[in-house]
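Inspection log for the structure reproduced underneath, given as C-alpha cells.
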Amino acid sequence: MFEYAPAPESRDVVDIKPSYGLFIDGEFVDGTGAPFKTINPATEEALAEVAAASQADVDRAVQAARKAFGVWSAMPGSERAKYLFRIARIIQERSRELAVLETLDNGKPIREARDVDLPLVAAHFFYYAGWADKLGYAGYGPDPKPLGVAGQVIPWNFPLLMLAWKIAPALACGNTVVLKPAETTPLTALLFAEICRQADLPPGVVNIVTGAGETGAAVVNHPDVNKVAFTGSTEVGRLIARSVAGSGKKVTLELGGKAANIVFDDAAIDQAVEGIVDGIFFNQGHVCCAGSRLLVQESIAEELLESLKRRLARLRLGDPMDKNTDIGAINSAEQLARVRELSDIGEAEGAERWSPACTLPERGFWFPPTVFTGVAQSHRIARDEVFGPVLAMLTFRTPAEAVEKANNTPYGLSAGVWTEKGSRILWMADRLRAGVVWANTFNKFDPTSPFGGYKESGYGREGGRHGLEAYLDV
Amino acid sequence: MSDTQAVRLAVRKTYKLYIGGAFPRSESGRSYVVTSSKGDFLANASKASRKDARDAVSAARKAFAGWSGATAYNRGQILYRIAEMLEGRRAQFVAELTEAGTRKAKDAGGIVDAAIDRLVWYAGWSDKIAAVAGAANPVAGPYLNISSPEPTGVVAVIAPDEPLLGLVSVIAPVIVTGNTCVVVASERAPLPSITLAEVLATSDLPGGVVNVLTGSVKEIAPWLAAHMDVNAIDLTGVAEEDLAIACEQAAAENLKRVLRPSAPDWSADPGTKRMTAFLETKTVWHPTGI
C-alpha cells in the first residue's frame, strides 16, 4: 500500500468566532438559555460557544417568522426565486469555507464535505428556486398556498445539506422558517444565516435557533407553527408525531433506517464491493439510508467477503481535514458510546466481528470500519440502527428469501440491489418496501429525486416535485 | 285447512361482519340493536370486538401481496364490477336507506346513483394515478431515476355516518391503488355497509381486500390506531375530538399515515387527495452506461 503524504486542507479559510448568538428577525441576538460549546470531534477542541434558545427565544423567532410570512408569501414567486438563486450562488462562492467549517464541526472527511455535501446544498437551492414561480404547474392545483411558519429540526450527520433540504422548498413555496440545527453541529447553519444577510433576504424569513432537545421541542410544539419537518431518529420522530397529534400541523418525518444491500451471484463483484463500502462507510455510516445490512447470495459470500476485507484494509481513517482521508471522526462521544455498545452486543450475541488493522488517533472520537459475519436476523446488529461504520452480513439463497429478509424490519428508507440481470432488478425493486432503491449503485442523491421512507422510516418526501407537497396547503 | 291465506312471513337477514371474504358473527357473540331514525327496530348488528379487529387486520395483510401485485387494469376492472353489482341492487339500497330513515325515498335514489358513479370514477384512476403522482427525475448524473406511487399497506378506515355514498367514497380510493383495508362502519347506520359487503363479495374482489366491522367506533378505533401491523388510518368517521386525538396519538407508535379531513362534502369532486394520502413514493436509481 502506498504511503500518502499528508494533504491537509487549511482551516484558515474560515473565520470561527469565539461565540455565536441566535439568528432572529435578521439579527444575531443573545439567547436566554445556558450557552454550550461545540467541539471538533476529531480533536475534542472547543470551536466556539453557541447560544441556547429558550422557550421565550423560540417564541420570538416564531413571531418574527409569522410577521415575515405576510411579506414573503405575498411576494411574487419570481422574486422569491431570485432570492433563492442568490443564496445558491453565495453558497457556491463560499463553498470552500462552508466545507471546511462542516468538517471541523462534524468530523466528516473534507473530501466528502467538499465533493458531496456542498455541491448538493447549492444544487438544492438552485432546484427549488426554479419552482417558486411555477407552483401552479406542480400538480397541486392552479394556485397552491403556503402553510405559514415551518418549524424545522435537523440532525448532525449532514448539517448544511439537511438545512438545504428543509429551507429551500419551504421558502420556494412561500413559507417562513424557524430552524434548529443539531446541538453538536450548529456552525454551518449560523454561517448560512450570514449568507441570508448577504443575500438581503427579508428579516424573519429564516430564523436559526440553536440548542438541544428542549429547544427542538419548543419549536415543534409552538402553537403558532403550521408545519413541522424533522429529520432524525425514529425514537424522536415518534415523540413528535405523538406531541403534535390533534394540532392540525402538517408533519413530515425523515427517520431511521436499516437498509439491506443485496448482492446476487451474478453481480460485478468489484463494483458491488465499492457500493457496499460507499453504502455503509460513507460519512462514517452516519447516514439514515446507509446499507447497514449486507445480504449476499450464499454461493459468492466467501469470495465477496474476501474482496470486501481487502478493500477495507485500504481505507484511510484519520484527520478529516486531510484530503486523502476516507473515514473521519464519529460525531460525538455519545454516538461513539452507542456504536461501541451495539458492536459489543453483536459480539455477545454470537456474531463474528472483524476490523482491518487500523490505528485510531489518540484524541477525538473514532471507530474502525467493522464487519460482522455469522449474523442472524434476530441479532440486534441486524435490527437496530447503529448509525456508525458497522456492517452486518447475512446470506440468502433465493431472490424470494432476499426480499423476505430485506423487508423484515420496521424501517423502510432505502435498499440496494446488485445484479447484472435487468428483469431481476425490476422484480426486486417492485418488492422491496423502501422509499429509495439503488440498483447497481448506492447512496446517490439529487435535488430532483424524491427521498423518504416507508413504515417507521417516516412520512413525506424531500426533493423533486414531491418535496413541494410538504410545504403547500394541499 | 283454512280458507284464508296466511300473510307470508318475511325471511329476515342476519347482519354479520365481513372478514377475509367470509361473513362471520363477532367472535364475542355480541350484537347491538340498530333502529331507524324514528326508533323502529331494524336488526341486531354484530358488535365487533378487539379480536375481530385483529382478525380483520390479519385478513387484510394476507390479501395485500396479491391485491397490490395485481395489475392496475385488473384492479380497475374489479372496481368497475363493484359498480355494476351495486347498480343491480339499486332498489335494495334505496329501500335500506329509506327504511333506516337516513334519507327520504326521493333523495335515496340520488345517493345510490352517486355512490355507483363514484366507484366508476375511482375505477378509472387505477391505471392513471401513477402517471399523475409519479415522475421521471432528471438527476445530474448518468442515472435513470424513476419515482412511482405504491400502496401504503393495510389501512384502517373509520367510515363516516353517511351509510352508502360516504362509505364508498372512503373505501374506493384506498383499494384502487392496491391497499387493503379494515373498515369500521357507521355505528348508527351500519346495515348498508353489510349489504355493500355482499356486493363486494360478488364482484371478484379477493377476500380480505375490504373487511367490514360493525359495532362501537369508540371501542374498535383505538385498537386499530394502535395495531402495529396497520400502516395507515383514515379518521373521517371519528366525530369526537378526544377520540380522534387519542387515535392520532396511538397511531404515532408505528408512524401510521393519518388522514383526518374536516367535514368532507361527499357530493363534491373528491380530487386525488384520498388516494395520495395512502400512497408511498418509491424512487429507483440505476446507472446508465455501456
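Note on naming: letters A, B, ... go to the chains in the order of the sequence lines (proteins, then strands), and numbering restarts at 1 for each one.
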Using non-hydrogen atoms and a 4.5 Å limit, figure out which bit of [X] sits close to chain B: side chain, backbone, both or neither.
X        : result
A:Leu253 : side chain
A:Ile425 : side chain
A:Leu426 : neither
A:Ala434 : backbone

Among [options], which residue forms the greatest number of heavy-atom pairs with chain A at distances under 4.5 Å?
options                                : value
B:Asn254, B:Asn231, B:Ile146           : B:Asn254
B:Glu241, B:Gln249, B:Lys256, B:Arg257 : B:Arg257
B:Val139, B:Leu235, B:Ile245           : B:Val139
B:Gly69, B:Ala133, B:Ala250            : B:Ala133

Option that, when pairs with chain B are counted at under 4.5 Å, heavy atom only, ranks first among [options]:
options                                : result
A:Gly460, A:Gly453, A:Ser247           : A:Gly453
A:Ala241, A:Ser449, A:Ala429           : A:Ser449
A:Val244, A:Val417, A:Leu432           : A:Leu432
A:Gly458, A:Ala123, A:Ala245, A:Gly464 : A:Ala245

Can you say whether the rings of [X] and [Y] are parallel (under 30°), tilted (30 to 60°) or perpendicular (over 60°)?
X        : Y        : answer
A:Tyr128 : A:His124 : tilted
B:Tyr143 : B:Trp285 : perpendicular
A:Phe442 : A:Trp438 : tilted

Exercise. Between B:Thr281 and A:Pro450, what is the shortest heavy-atom contact and its length?
Worked result: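 Heavy atoms of B:Thr281 and A:Pro450 come nearest at CG2-CB, 4.3 Å.
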Problem set entry | Heavy-atom pair with the smallest gap, counting every atom of A:Leu472 and A:Pro144 | CD1-CB, 3.9 Å
Check whether more than 12 heavy atoms from other residues, nucleotides or ligands sit under 6.0 Å from atom [atom1] of [X], and answer yes or no.
X        : atom1 : answer
A:Lys134 : NZ    : yes
A:Glu401 : CD    : yes
A:Asp270 : CG    : no

Heavy-atom distances under 4.5 Å only: say whether [X] touches chain A with side chain, backbone, both or neither.
X        : answer
B:Ala140 : both
B:Thr152 : backbone
B:Ser147 : side chain
B:Val258 : neither
B:Asn145 : side chain

Exercise. Does the side chain of B:Thr283 reach to within under 4.5 Å of the side chain of A:Arg461, using non-hydrogen atoms?
Worked result: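 SC-SC contact between B:Thr283 and A:Arg461 ruled out.
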Exercise. Run the side chain to side chain contact (heavy atoms under 4.5 Å, CB included) check on B:Leu205 and B:Trp67 step by step: do they pass?
Worked result: CA-CA 9 Å; B:Leu205 186 74; B:Trp67 183 242; 3.6 Å; yes
Problem set entry | N-O pairing of A:Arg238 and A:Glu456 below 4.0 Å | yes
